[in-house]
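The structure under discussion appears below in the form of structure tokens.
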There are 2 protein chains.
Amino acid sequence: MTRKENRISEKTIERLSVYRRYLKDLNKKGKDRVYSHELSQIVSGTAAQVRRDLMEVGCNGCSSKGYEISLLIKEISKVLDCSKKENIALIGVGNLGRALLGYFSGARDNYDIVAAFDNDPAKYNRIICGRRCYSMEQLPNMIDELKISTAILAVPAESAEKEAQNLIDKGIKAILNFAPRHITTGSGVFIETLDMTSALEKAIYFSRKNT
Amino acid sequence: MTRKENRISEKTIERLSVYRRYLKDLNKKGKDRVYSHELSQIVSGTAAQVRRDLMEVGCNGCSSKGYEISLLIKEISKVLDCSKKENIALIGVGNLGRALLGYFSGARDNYDIVAAFDNDPAKYNRIICGRRCYSMEQLPNMIDELKISTAILAVPAESAEKEAQNLIDKGIKAILNFAPRHITTGSGVFIETLDMTSALEKAIYFSRKNT
DNA sequence: ATCACGCTGTGCAATATTTCACAACTCAAG
DNA sequence: CTTGAGTTGTGAAATATTGCACAGCGTGAT
């Protein structure tokens, strides 16, 4: 009964994603092994922290030779990725939404924004960065059809809560929210808010405080 | 000697920014007092945490009537804002850079993106969302002239480190980095990376794990 | 005036996260 | 084979962050 009640922390998940991206780079450059202290630099952490993170995915380092990169990528992916490619929906095709379509256009192995949605009829059926824009009414159908469980929310602050609630009602399980409004939900839906405004204000604050 | 060695934590600073934005909204709606438990909802925290945060800015609540909104805004601003308007530089005028110019275009009281920079000569002197785009060579001059100490970095991953180092060399004190690469620096420069890729991968992960 | 209610301020406990530090291991060289 | 340098895995300490719980206070009702 080795029930893995190994709830990996949010911070660790974030770092795993960062490690993997870096490991893929290293792989391309022909490197095949890596030490924990090398990885620690790219997340501004300690080597011990990296080793701890990597233990969560199955602890496959080797003393004195470090970690095998391709194996690490495989193990991290086993944790982060679904077995099949994940379909993502983008809600809100304004400036930011379009930029996000471009940003996430690269060759992603295990997820892809497959459809965009907006309230503006002028945008319906337009194709932006290779993805078609649909009306919000079509959202439920598309969710079912494409088995979408994750959405990116890039709508104005005023409509963020409403749209988020709509997504939740339609069965979305996680939301990456770019609207400057923190979404509250009672349900078990995971909501990550990337608050660019507070991030910038924080940077401004520390630009004065640091040294 | 009441030296305020009161280093406010990063998390608290972020929340203060969120509180303030919400308080300004409330103010516009004509509300003039607020309770800690109301504020706690917008950051998914507890009322106690809010009160603690507010204590950091000068503890001006009042039993049973809550906090006076306009006073709170003033006190939070005293902490977050510089005395004069902060000038921000945007580095990288691609899709994302342009979207950010739009995003930060609203009426911001205490900071503003005043100039954009790019390596692409086709963009020089073009005006985007009201800001002129300059060549990277002009960066040092503009930093001096406009007293810029904070920059937003929206360049491709490949050039992120190089440009970041350039910014640091030129005297920038804080960087809000959107490139999917964690910037390491020995200096006291504050770097906040908004890693949209790892945020999305985290969301995808928890879309499967939650409930 | 008195009382009950609801909120703030905060010591303290609980939790989460990071770092330290060291035994165990691998490899290469002598 | 033995030694030494360098790395991993991890218990335990250290630190950071959050939540609990309650004393104290202002307010409005009686």
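Side chains are part of it too, since the values below use all heavy atoms of this structure and drop only hydrogens, waters and symmetry mates. Being a predicted model, the structure only gives us computed values, none of them experimental. Order of the sequence lines fixes the chain letters, A, B, ..., with proteins taken first and strands second; residue numbering starts at 1 for each chain.
In this entry the distance linking CD of A:E14 with P of C:dT17 reads 11 Å, nearest Å. Straight-line distance from the CD atom of B:E75 to the P atom of C:dT8: 16 Å, rounded to whole Å. Atom CG in B:L54 sits about 12 Å away from atom P in C:dT10, given to the nearest Å. B:L39 has its CG atom 12 Å from the P atom of C:dG9, to the nearest Å. In this structure, A:E10 places its CD atom 12 Å from P of C:dA16, rounding to the nearest Å. Between B:M55 atom CE and C:dT8 atom P the separation is 13 Å, expressed in whole Å. At whole-Å resolution of the value, CD in B:E38 and P in C:dG6 are 15 Å apart. Rounded to whole Å, the distance from CG on A:L72 to P on D:dT8 is 10 Å.
Between A:S36 and D:dT8 there is a side-chain N or O to OP1 or OP2 distance below 4.0 Å. Checking the phosphate oxygens (OP1, OP2) of D:dG19, a side-chain nitrogen or oxygen of B:T46 falls inside 4.0 Å. The side chain of A:S63 contributes no N or O atom lying less than 4.0 Å from OP1 or OP2 of C:dA24. Contact check, B:R15 against D:dT17: no side-chain N or O comes under 4.0 Å of OP1 or OP2. The side chain of A:K65 places an N or O atom within less than 4.0 Å of a non-bridging phosphate oxygen (OP1 or OP2) of C:dC27. Under 4.0 angstrom from either OP1 or OP2 of D:dG9 there lies no side-chain N or O belonging to A:R51.
Across C:dT8, C:dT10, C:dT18, the shortest atom-to-atom separation from the side chain of B:Y67 is found for C:dT8. The nucleotide whose nearest atom lies closest to any side-chain atom of B:Y35 is, among C:dA21, C:dC12, C:dC7, C:dC7. Comparing C:dC27, D:dT10, C:dT17 by their closest approach to the side chain of A:S64 singles out C:dC27.
Closest approach of A:V93 to A:R98, counting heavy atoms only: O-NH1, 3.3 Å. The two residues B:C129 and B:L101 have their closest heavy-atom pair at CB-CB, 4.0 Å.
The shortest side-chain heavy-atom distance between A:D81 and A:E86 does not fall under the 4.5 Å cut-off.
Among the protein residues, B:R33 comes within range of no part of the nucleic acid, since none of its heavy atoms lies under 4.0 Å from any strand.
Applying salt bridge (Lys or Arg N to Asp or Glu O under 4.0 Å) to A:D109 and the options A:K24, A:K85, A:R21 leaves one that passes, A:K24.
For the pair B:C62 and B:Q49, both in contact range of DNA chain D, the more 5′-proximal nearest nucleotide belongs to B:Q49. Taking the nucleotide of DNA chain C with the nearest heavy atom to each of B:H37 and B:A48, the more 5' of the two is matched to B:H37.
Around atom NZ of B:K74, no more than 12 heavy atoms belonging to other residues, nucleotides or ligands sit under 6.0 Å away.
With hydrogens and angles ignored, no donor-acceptor pair under 3.5 angstrom links the side chain of B:R52 to the base of D:dT17.
A salt bridge does not link A:E56 with A:R15: every distance from a Lys NZ or Arg NE/NH1/NH2 to an Asp or Glu carboxylate oxygen is 4.0 Å or more.
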